[in-house]
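The next block holds one structure in the form of structure tokens; read it before the comments.
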Amino acid sequence: MLNRRQLLGRAAASLPLLAGTFSSTSLWAGPNGLPRTLIVFLRGAYDANSLLVPYASSFYYESRPNIAIARPDGTSDGAQKLDADWALAPATTESLMPLWQKKQLAFVPFAGSEDVSRSHFETQDNFELGQGVGGSLVYRNGFMNRLAGTLGVQKQPGREALAFTDQLPLIFQGKLAVGNQGLRSVGRAGVDERQANLIRSMYAQTPLSGAVDSGFDTRREVLQEMGEERDMASRNAIGSKGFEAEARRVAKLMRERVALGFIDVGGWDTHANQGAALGGLATRLSELSAGLAAFATEMGPQWQNTTVIVVSEFGRTFRENGNRGTDHGHGTVYWVMGGGLKAGGKVVGPQQQLRADTLFQDRDMPALTDYRAMLAGLWGRQYGLTPAQQAQVFPGLKGSVDLGLV
């Protein structure tokens with residue numbers, strides 16, 4: 001039997017924050033609700049140069065004698081050419097190259113934030129808050145929550161916001177009540193119906209009552225919808241494990257009900273034995289890309305109305321270290337995916353040659369495209385956000401950057 005403190009602790013992971021007051025709007029709504037946006041956060045800072053390979057740079061091969069991906073040469077260990085400067089890591093080509101060829105995938109190199117601390121926790125917090133650096137941060141006020149408020153997100157099919165995580169991430173915390181539900185183990189409930197009713201009664205007639213009820217209602221609906229997928233899997237099981245299965249579950253929810261989604265994937269802090277065409281990082285990139293390709297397929301016709309943005313808190317050092325790995329860096333590469341991309345099949349954004357004298361602080365890929373400006377420009381196109389509304393989402397923004405992605 002769980003005591004009151006234990007019940008409250010278990011409830012915390014399932015509940016949205018206290019709702020604020022937002023007026024709804026149908027300005028951006030179509031017959032299937034809002035355009036879909038999914039942010040995929042690679043926590044731990046993935047090595048972007050082992051995904052998007054700068055094969056035209058001889059300095060890349062000088063800097064990475066053990067972990068560089070071979071130039072495009074037609075072999076299984078070689079990267080696959082995308083343009084005159086960039087190639088795709090072989091571990092991801094089976095999943096990502098079809099999307100690239102259909103112009104449903106673009107890459108933004110030299111991307112990142114102003115944060116130069118190289119601290120996972122500090123940079124992740126700054127990224128998710130989206131308030132810029134140099135000023136006083138307001139916590140529990142993430143930029144996806146502010147976007148949801150600006151768009152008038154509400155509990156209606158095609159207009160919801162949901163974090164596909166076990167705990168509500170900072171990016172979705174704020175005035176608007178947003179739910180969260182981890183999907184990796186949808187069959188195991190942390191709080192059963194009896195315990196949920198006890199928790200509801202504890203909060204009854206308090207200011208949190210509405211948020212508690214909303215949180216449990218969202219959780220119950222998600223688990224009910226996922227039950228159908230589990231039943232099908234018992235006879236026609238998905239062959240791959242891990243992220244691919246989870247990505248399919250995310251797509252199932254975003255097809256019909258969720259407009260703004262967030263999911264994070266860990267395990268990218270590769271200080272040692274990173275590998276090259278094969279190895280631990282290549283395996284993770286393969287699993288990630290397979291999952292995202294499965295997501296695109298599972299979205300069906302709604303894929304034309306969807307944008308997926310893959311980000312990481314920062315990049316990694318351009319040179320390999322003494323342990324055949326890479327250390328905390330600065331600039332990185334973002335992915336943008338979607339069925340209706342205008343700049344699909346391209347590497348976009350400001351770029352420069354990668355040489356010793358062009359590295360940031362003589363160690364990292366520089367960040368030439370700021371993530372706040374890039375997302376503001378993208379959402380200006382996708383949702384029609386005005387400059388004033390972009391500044392609501394990203395306070396202190398000095399101007400958006402329109403890369404023509406959507």
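Along the sequence shown, residues carry numbers from 1.
Looking at Thr306, its side chain does come within 3.5 Å of a backbone N or O of Gln302 through a donor-acceptor pair. At distances below 3.5 Å, not a single donor-acceptor pair connects side-chain atoms of Ser95 with backbone N or O atoms of Thr92. Of the possible donor and acceptor atoms, none in the side chain of Gln80 sits under 3.5 Å from a partner among the backbone N and O of Gly78. Under the 3.5 Å distance criterion, the side-chain polar atoms of Arg381 are matched with a main-chain donor or acceptor of Val406. With Glu320 contributing its side chain and Thr326 its backbone, the two residues share no donor-acceptor pair below 3.5 Å. The backbone N or O of Thr386 lies less than 3.5 Å from a partner atom in the side chain of Gln389, making a donor-acceptor pair. A donor-acceptor pair is defined here as one N or O able to donate and one able to accept, closer than 3.5 Å; no such pair exists between the side chain of Glu298 and the backbone of Arg249. Of the possible donor and acceptor atoms, one in the side chain of Ser289 sits under 3.5 Å from a partner among the backbone N and O of Ser286. Of the possible polar contacts, one joining the Ser312 side chain to the Leu42 backbone as a donor-acceptor pair under 3.5 Å is found. Put simply, the side chain of Arg36 gets close to the backbone of Leu34: a donor and an acceptor are under 3.5 Å apart.
Crowding of Arg43 atom CZ: a count of heavy atoms from other residues, nucleotides or ligands under 6.0 Å exceeding 12. Remark: Gln101 CD is packed, more than 12 non-hydrogen atoms of other residues, nucleotides or ligands lying under 6.0 Å away.
Minimum interatomic distance between Thr93 and Pro98 (heavy atoms only, all atoms of both residues): O-CD, 3.6 Å. Shown here for Phe107 and Leu82, the closest heavy-atom pair between the two residues is CE1-CD1, 4.0 Å. Counting all heavy atoms, side chain and backbone alike, Leu354 lies closest to Pro54 at CD1-CB, 3.7 Å. Residues Ala161 and Ala148 come closest through the heavy atom pair CB-CB, 4.4 Å. Residue Leu176 comes nearest to Gly149 through the heavy atom pair CD2-N, 3.9 Å, listed as atom of the first residue, atom of the second, then distance. The minimum heavy-atom distance linking Pro366 with Gln352 is given by the pair CG-NE2, 3.4 Å.
Within the 4.5 Å cutoff, no side-chain heavy atoms of Val40 are placed close to those of Asp264. Looking only at side-chain heavy atoms (C-beta outward), Thr37 and Ile309 come within less than 4.5 Å of each other. Side-chain atoms of Met254 and Trp303, non-hydrogen and from C-beta on, never get closer than 4.5 Å to each other. Using a 4.5 Å heavy-atom threshold, the side chains of Tyr139 and Leu170 count as touching. Side-chain atoms of Thr307 and Pro35, non-hydrogen and from C-beta on, never get closer than 4.5 Å to each other. Contact of the Ser113 side chain with the Phe314 side chain is not registered, since no non-hydrogen atoms from C-beta on lie closer than 4.5 Å. Side chains of Asp364 and Thr317 form a contact here, defined as non-hydrogen atoms less than 4.5 Å apart. For the pair Leu137 and Asp125, the minimum side-chain heavy-atom distance is 4.5 Å or more.
Rounding to the nearest 0.5 Å gives a distance of 8.5 Å between NZ of Lys252 and CD of Glu256. Taken from CG in Leu278 to OG1 in Thr283, the straight-line distance is 7.5 Å, to the nearest 0.5 Å. Going from atom CD of Gln274 over to atom CG of Asn321 covers 8.5 Å, rounded to the nearest 0.5 Å. A distance of 6.0 Å separates CE in Met144 from CG in Leu147, rounded to the nearest 0.5 Å. To the nearest 0.5 angstrom, Leu359 atom CG is 6.5 Å from Phe318 atom CZ. Distance check: Ile171 CD1 to Gln124 CD gives 11.0 Å after rounding to the nearest 0.5 Å.
A donor and an acceptor atom, one from each side chain of Asn323 and His271, are nowhere located under 3.5 Å apart. The closest side-chain donor-acceptor pair between Ser117 and Asp115 falls under 3.5 angstrom. A side-chain donor from one of Arg355 and Gln353 sits under 3.5 Å from a side-chain acceptor of the other.
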Is there a salt bridge (charged side-chain N to carboxylate O under 4.0 Å, His left out) between Asp77 and Arg71 once you walk through the steps?
CA-CA 9 Å; Asp77 289 339; Arg71 289 184 173 90; over 6 Å; no
Begin with the C-alpha distance, continue with both residues' side-chain angles, and end with the deciding distance and a verdict on salt bridge (charged side-chain N to carboxylate O under 4.0 Å, His left out) for Arg64 and Asp47.
CA-CA 12 Å; Arg64 298 182 168 215; Asp47 178 41; 2.7 Å; yes
Worked verdict on Gln351 versus Trp86 for side chain to side chain donor-acceptor pair (under 3.5 Å):
CA-CA 11 Å; Gln351 301 172 42; Trp86 304 99; 2.9 Å; yes
Using side chain to side chain contact (heavy atoms under 4.5 Å, CB included), reason through Asp370 and Val401 one step at a time and then give a plain yes or no.
CA-CA 8 Å; Asp370 179 76; Val401 173; over 6 Å; no
Go through the steps to decide whether Ile263 and Glu246 satisfy the test side chain to side chain contact (heavy atoms under 4.5 Å, CB included), and finish with yes or no.
CA-CA 10 Å; Ile263 190 168; Glu246 191 169 10; 3.8 Å; yes
Could you go through Phe59 and Thr358, starting from their C-alpha distance and side-chain angles, then the distance that decides it, and tell me whether this counts as side chain to side chain contact (heavy atoms under 4.5 Å, CB included)?
CA-CA 11 Å; Phe59 181 61; Thr358 63; over 6 Å; no
Worked verdict on Val53 versus Leu88 for side chain to side chain contact (heavy atoms under 4.5 Å, CB included)
CA-CA 6 Å; Val53 181; Leu88 192 59; over 6 Å; no
Applying salt bridge (charged side-chain N to carboxylate O under 4.0 Å, His left out), run through Arg316 and Asp269 and close with a yes or a no.
CA-CA 9 Å; Arg316 304 195 73 82; Asp269 199 16; 3.0 Å; yes
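For the ring pair (Phe, Tyr, Trp, His ring centres under 6.0 Å) criterion with Phe41, the lone passing option out of Tyr46, Trp335, Phe164, Phe127 is Phe127.
Between Tyr61 and Tyr55, the ring centre distance reaches or exceeds 6.0 Å. A centroid separation of less than 6.0 Å is found between the aromatic rings of Phe360 and His330.
Ion pairing between Arg319 and Asp362 holds under the 4.0 Å rule for side-chain N and carboxylate O.
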